[in-house]
Number of protein chains: 2
Amino acid sequence: MAKLDFSPIADTTRRAEIVALLRRATLTGQLEPGQKLNELRISEQMRVSRAPLREAMRELVQEGILTSIPYAGTFVIEVTAKDIIDAYSLNKVLDEFAIEQTWPQRDQRFFNELDRRHEAVKQATRAMDTTRQIETALQLHGLIYEWADNSVLLETWQRLTSRLQMYFALHQRARNEPVPAEDVHETYVALMKGSDMGAAQRHAREHIDLDFEELLAYARSLEKRTSKN
Amino acid sequence: MAKLDFSPIADTTRRAEIVALLRRATLTGQLEPGQKLNELRISEQMRVSRAPLREAMRELVQEGILTSIPYAGTFVIEVTAKDIIDAYSLNKVLDEFAIEQTWPQRDQRFFNELDRRHEAVKQATRAMDTTRQIETALQLHGLIYEWADNSVLLETWQRLTSRLQMYFALHQRARNEPVPAEDVHETYVALMKGSDMGAAQRHAREHIDLDFEELLAYARSLEKRTSKN
DNA sequence: GACAAACAGATTGTCGACAATCTAACAAGC
DNA sequence: GCTTGTTAGATTGTCGACAATCTGTTTGTC
């Protein structure tokens with residue numbers, strides 16, 4: 001018999017599709033922080049009843065990108081400077097751990113996947129597709145978490161990365177500038193292929209710090225405005 | 001005018017109460033790993049319709065203690081030896097970070113709270129209330145996360161601690177032995193009050209390793225059995 | 001007897017309607 | 001004018017019923 005691995009077929013519930021739609025809308029910044037999600041309006045737009053929509057919202061609330069107040073409504077989370085700082089400082093710690101766990105497990109498949117994802121970032125950059133650029137960069141970064149073979153760690157990172165994606169998207173939207181064309185991931189990929197784990201860990205920290213500064217500037221600008229809905 | 005801080009009033013939705021009930025049932029081991037949650041049966045027992053029950057279940061699925069398969073059902077997560085290893089190795093990393101963040105923020109209120117929680121553990125131990133003993137021990141442990149002033153970190157730990165609580169509860173249930181009467185937290189509390197941060201971090205690691213060994217033995221025994229529902 | 005198709009029962013997913021609650025505008029009393 | 005009570009509209013929370021899907025059994029065919 002032929003040795004063939006089938007991947008699980010897609011979830012075919014309305015709920016799952018709604019989750020995907022809302023998540024994407026939130027993470028790309030189409031839904032603004034603090035914005036209220038009107039159940040009736042959204043359910044009519046999606047041609048769906050409120051039941052699966054509400055269940056989808058509960059999921060996203062637990063995922064940390066929506067927040068819910070009983071009898072008041074469900075809102076996109078607000079973004080503060082402190083949130084960004086917190087997320088990044090935790091990300092540093094997790095990165096160091098993920099690299100440590102992944103390091104001895106690196107093999108040819110890992111390197112190939114690393115190159116593939118790196119290529120995806122470069123392609124999105126050339127196409128000036130900022131949304132996709134953020135997505136692919138985070139996916140490149142996430143490989144060490146997938147390879148670390150620790151399901152709790154992976155889960156944790158996925159929650160964290162949701163927020164990071166949202167922060168980056170908001171940042172991009174706010175500054176409205178073209179994306180840097182240079183390849184900031186070249187060194188990272190090279191180090192992950194090398195033999196000096198400490199160097200890779202250190203670079204991950206510094207690399208993060210780089211973008212972090214830009215994000216922080218954006219966060220501080222948010223602090224100055226009064227919150228709106 | 002008197003200076004009085006009011007805390008937010010409790011959520012009064014059925015959903016929130018259902019979540020609390022189901023979470024407790026799962027974490028104390030009343031619901032066994034792999035067990036299916038029949039919506040109709042549970043909703044009738046709770047005298048509630050399926051809508052808020054299903055929403056509650058979605059939350060717990062995202063919380064990581066239930067798992068859902070479309071059109072098949074929602075189940076309590078299975079516990080494998082690897083899950084326990086993964087959770088603990090991540091916990092070590094987070095502990096080290098939490099202590100680092102908390103360290104400079106320690107004040108009298110922190111020490112008082114530390115003592116209060118330590119006392120709660122001792123009381124539960126004296127009362128031979130194993131469930132409460134697990135709860136209070138984790139709460140004692142969680143103080144450094146509350147004090148670290150990093151909301152993402154706290155959230156992460158709360159998700160992780162849910163699982164740890166479940167693992168410990170299952171372990172206790174399985175061995176069916178009286179709890180050790182000795183106070184294993186004395187040293188930890190003393191170190192958290194001291195001035196050597198490195199020592200506190202090291203102890204946190206080793207202290208965890210201690211209970212870890214017991215848990216692992218339990219996990220391995222699980223591996224040998226075939227899964228049931 | 002082995003296999004596949006059809007069926008029945010149970011369970012999950014979704015819907016539309018109703019109840020509970022909130023918000024804002026307005027009126028009443030001091 | 002300011003506060004308090006009332007009301008109307010909108011929105012969220014909950015319910016009961018129906019549709020879609022799965023699972024195990026039975027039936028029919030070879």
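Throughout, protein chains are lettered first and strands after them, A, B, ... in sequence-line order, and every chain is numbered starting at 1.
If you take CG on B:L153 and CZ on B:F97, they are separated by 6.0 Å, rounding to the nearest 0.5 Å.
Nearest nucleotide to the A:Y71 side chain, out of C:dT21, C:dT14, D:dC15: C:dT21. Out of D:dT21, C:dT11, D:dT11, the shortest distance to the side chain of A:N38 is found at D:dT11.
A donor-acceptor contact shorter than 3.5 Å links the side chain of A:Y145 to the backbone of A:D95. Here the side chain of A:K82 pairs no donor or acceptor atom with the backbone of B:S151 at under 3.5 angstrom. Of the possible polar contacts, none joining the B:T161 side chain to the B:L164 backbone as a donor-acceptor pair under 3.5 Å is found. With hydrogens and angles ignored, the 3.5 Å screen pairs no side-chain donor or acceptor of B:T102 with any backbone N or O of B:I99.
As rounded to whole Å, 16 Å separates atom P of D:dT11 from atom CD1 of A:I69. When rounded to the nearest whole Å, the span between CZ of A:R15 and P of D:dT21 equals 14 Å. Atoms CD (A:E39) and P (C:dC15) sit 14 Å apart, rounded to a whole Å. The nearest whole Å value for the distance from the CZ atom in B:F75 to the C1' atom in C:dT12 is 11 Å. Rounded to an integer number of Å, the gap from CE of A:M46 to P of C:dC15 is 12 Å. Summarising the geometry, the separation between CG on A:L37 and C1' on D:dT12 is reported as 13 Å, rounded to the nearest angstrom. Taking atom CG of B:L66 as the reference point, atom P of C:dT12 lies 13 Å away to the nearest angstrom. Summarising the geometry, the separation between CD on B:E44 and P on C:dT11 is reported as 10 Å, rounded to the nearest angstrom.
Here A:R14 reaches the OP1 or OP2 of C:dC15: one of its side-chain N or O atoms lies under 4.0 Å away.
Using cut-offs of 30° and 60° for the angle between ring planes, the A:H118 and A:H185 rings count as perpendicular. Between A:H141 and A:W157, the ring-plane angle classifies as tilted under the 30° and 60° cut-offs.
Looking at residues 48-60 of chain A, you'll see A:V48, A:S49, A:R50, A:A51, A:P52 sit with a heavy atom under 4.0 Å from some atom of DNA chain C.
The 5' end of DNA chain C is approached more closely, in terms of each residue's nearest nucleotide, by A:R47 than by the other of A:R47 and A:A72.
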